[in-house]
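Heavy-atom basis, side chains included; hydrogens, waters and symmetry copies ignored. Keep in mind the model is a prediction, meaning the values are calculated, not measured. Letters go in sequence order (proteins before strands), and every chain restarts at 1.
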2 protein chains.
Amino acid sequence: MSDGQFTISDLAGEFALTPRAIRHYEELGLLHPGRRGTVRLFSEGDRKRLRLVLRGKRLGFSLEQIKEMLDLHYARPGEIAAPEALLGRIEDHRAALLRLREDVGMALSWLEILEERCRGHLKKSA
Amino acid sequence: MSDGQFTISDLAGEFALTPRAIRHYEELGLLHPGRRGTVRLFSEGDRKRLRLVLRGKRLGFSLEQIKEMLDLHYARPGEIAAPEALLGRIEDHRAALLRLREDVGMALSWLEILEERCRGHLKKSA
DNA sequence: TATAACCTTTACGTTAACGTCAATACTAAT
DNA sequence: ATTAGTATTGACGTTAACGTAAAGGTTATA
């Protein structure tokens, strides 16, 4: 597409997923692309939403959770329902994310060690 | 259990999962608990393995991938098969982990903003 | 204008990671 | 020795996140 508009396979190509997956995200309400007739047309905004979806996936959230977050993210400032309840959940998420960051650190240093062992093994067999 | 030994529900309780899940991990070869008769007995080492399993899960790996990693982790130094091939995969994993760490950072600062909006909304309605 | 290369919906299939029985066995304490 | 509380092994069920195949519209371009 010429304009700042994308077809479904444009985005599928860019983000390394299938058109089916993108349609699936739309079915669940994660994306709301425009239409030219029957054909989906994705805007730059849709693309950014998709980026957020994939980030959420990498962080281990379900598509349903991701939908909640997107709805929050794009809600007008006054439109947050039950903010006090949300504050608690925010704390839980923060705790999980901090632990996840530790997990990433451990995994990275584990990779270091494993890589050393690999190289050591290669030197010996050379 | 008195000694440094745990029953299946000890571990289930400690790690907030079900006995069934733990048996499932054993079926897939992630755990190899001892037995007293027919009853499973988990050592401190088994417990550490389980900890690694859960860390792997949080990082988004499948149980099958986690098994691979455990097998690598507990392999004797010489027992690493195809080290040169492994080096490439290590790089891929490292890249994914670095991106994940960025994702965590973005998510954390997003939570900050969301929390601010919550608090602002609460002040106004007070 | 024909035709290849896309797009659409509909609907059933697949896989991972367990959940949930059921039937049975063991174990600890009374 | 009896009984309450766990444990064990099947074996089938469930859910999320798509895959895949069928049948048919659309669009770009030669």
Side-chain angles (χ1 to χ4, degrees), chain A residues 1-3 5-43 46-47 49-71 96 100 103, chain B residues 1-3 5-43 46-47 49-71 96 100 103:
Chain A
M1 291 287 142
S2 46
D3 215 350
Q5 301 287 97
F6 314 94
T7 74
I8 197 169
S9 50
D10 286 339
L11 292 187
E14 175 175 359
F15 294 108
L17 28 88
T18 65
R20 175 65 176 99
I22 298 183
R23 289 189 200 107
H24 184 57
Y25 299 155
E26 183 184 356
E27 286 173 22
L28 298 189
L30 301 182
L31 300 175
H32 312 287
R35 301 262 172 158
R36 185 180 57 189
T38 148
V39 172
R40 271 165 266 253
L41 271 191
F42 295 80
S43 69
D46 294 323
R47 198 179 120 180
R49 277 186 82 104
L50 182 50
R51 221 194 268 291
L52 292 180
V53 169
L54 298 183
R55 181 170 300 154
K57 288 206 67 183
R58 289 192 299 265
L59 290 170
F61 295 109
S62 72
L63 296 181
E64 194 178 328
Q65 289 177 307
I66 294 174
K67 175 177 164 47
E68 277 190 55
M69 296 176 175
L70 285 174
D71 290 350
L100 182 55
D103 290 335
Chain B
M1 292 288 141
S2 46
D3 215 350
Q5 301 287 96
F6 314 94
T7 74
I8 197 170
S9 50
D10 286 339
L11 291 187
E14 175 175 359
F15 293 108
L17 27 89
T18 65
R20 175 65 176 99
I22 298 184
R23 290 191 198 105
H24 184 56
Y25 299 155
E26 182 183 358
E27 285 172 24
L28 299 189
L30 302 183
L31 300 175
H32 313 287
R35 300 263 173 159
R36 186 180 55 188
T38 149
V39 172
R40 270 165 266 253
L41 270 191
F42 295 80
S43 69
D46 295 323
R47 198 179 119 176
R49 276 185 84 103
L50 182 50
R51 223 194 265 292
L52 291 180
V53 169
L54 298 182
R55 182 172 298 155
K57 287 208 66 184
R58 289 192 298 265
L59 289 170
F61 295 108
S62 72
L63 295 181
E64 194 178 328
Q65 290 177 307
I66 294 173
K67 175 177 165 47
E68 278 191 55
M69 297 177 176
L70 284 174
D71 290 351
L100 183 54
D103 290 335

Rounded distance (Å) that lies between atom [atom2] of [N] and atom [atom1] of [X]:
| X | N | atom1 | atom2 | answer |
| --- | --- | --- | --- | --- |
| Leu30(A) | dC18(D) | CG | P | 10 Å |
| Glu26(A) | dT9(C) | CD | C1' | 12 Å |
| Ile22(B) | dT8(D) | CD1 | P | 10 Å |
| Arg23(B) | dT20(C) | CZ | P | 14 Å |
| Glu27(A) | dC12(C) | CD | C1' | 13 Å |
| Phe42(A) | dC7(C) | CZ | C1' | 11 Å |
| Leu41(A) | dC6(C) | CG | P | 16 Å |
| Glu64(A) | dT15(D) | CD | P | 12 Å |

Locate the shortest heavy-atom distance separating [X] from [Y]; write the atom from each residue and the value.
| X | Y | value |
| --- | --- | --- |
| Arg40(A) | Phe42(A) | CB-CE1, 3.7 Å |
| Leu70(A) | Leu30(A) | CD1-O, 3.7 Å |
| Asp46(B) | Gly34(B) | OD2-N, 4.2 Å |
| Gln5(A) | Asp10(A) | O-OD2, 4.4 Å |

Quick one: which of [options] gets closest to the side chain of [X]?
| X | options | answer |
| --- | --- | --- |
| Thr38(A) | dT8(D), dC18(C), dT8(C) | dT8(C) |
| Leu63(B) | dA17(D), dA7(D), dA17(C) | dA17(C) |
| Ala21(B) | dC18(C), dT8(D), dT8(C) | dC18(C) |
| Arg36(A) | dA28(C), dC18(C), dA28(D) | dA28(D) |

Tell whether Arg20(A) reaches the base of dT20(D) with its side chain through a donor-acceptor pair below 3.5 angstrom. yes

Taking only side-chain nitrogens and oxygens of [X], does any of them come within less than 4.0 Å of OP1 or OP2 of [N]?
| X | N | result |
| --- | --- | --- |
| Tyr25(A) | dA17(D) | no |
| Thr18(B) | dC18(C) | no |
| Thr7(B) | dA7(D) | yes |
| Lys67(A) | dA16(D) | no |
| Arg40(A) | dC7(C) | no |
| Lys57(B) | dC18(C) | yes |
| Ser9(B) | dA7(D) | yes |

Salt bridge between Arg20(B) and Glu27(B), side-chain N to carboxylate O under 4.0 Å? yes

If you draw a 6.0 Å radius around CD in Glu14(A), do more than 12 non-hydrogen atoms from other residues or ligands fall strictly inside? yes

Leu28(B) near the nucleic acid: base, sugar-phosphate alone, or nothing, with a heavy-atom cut-off under 4.0 Å? nothing

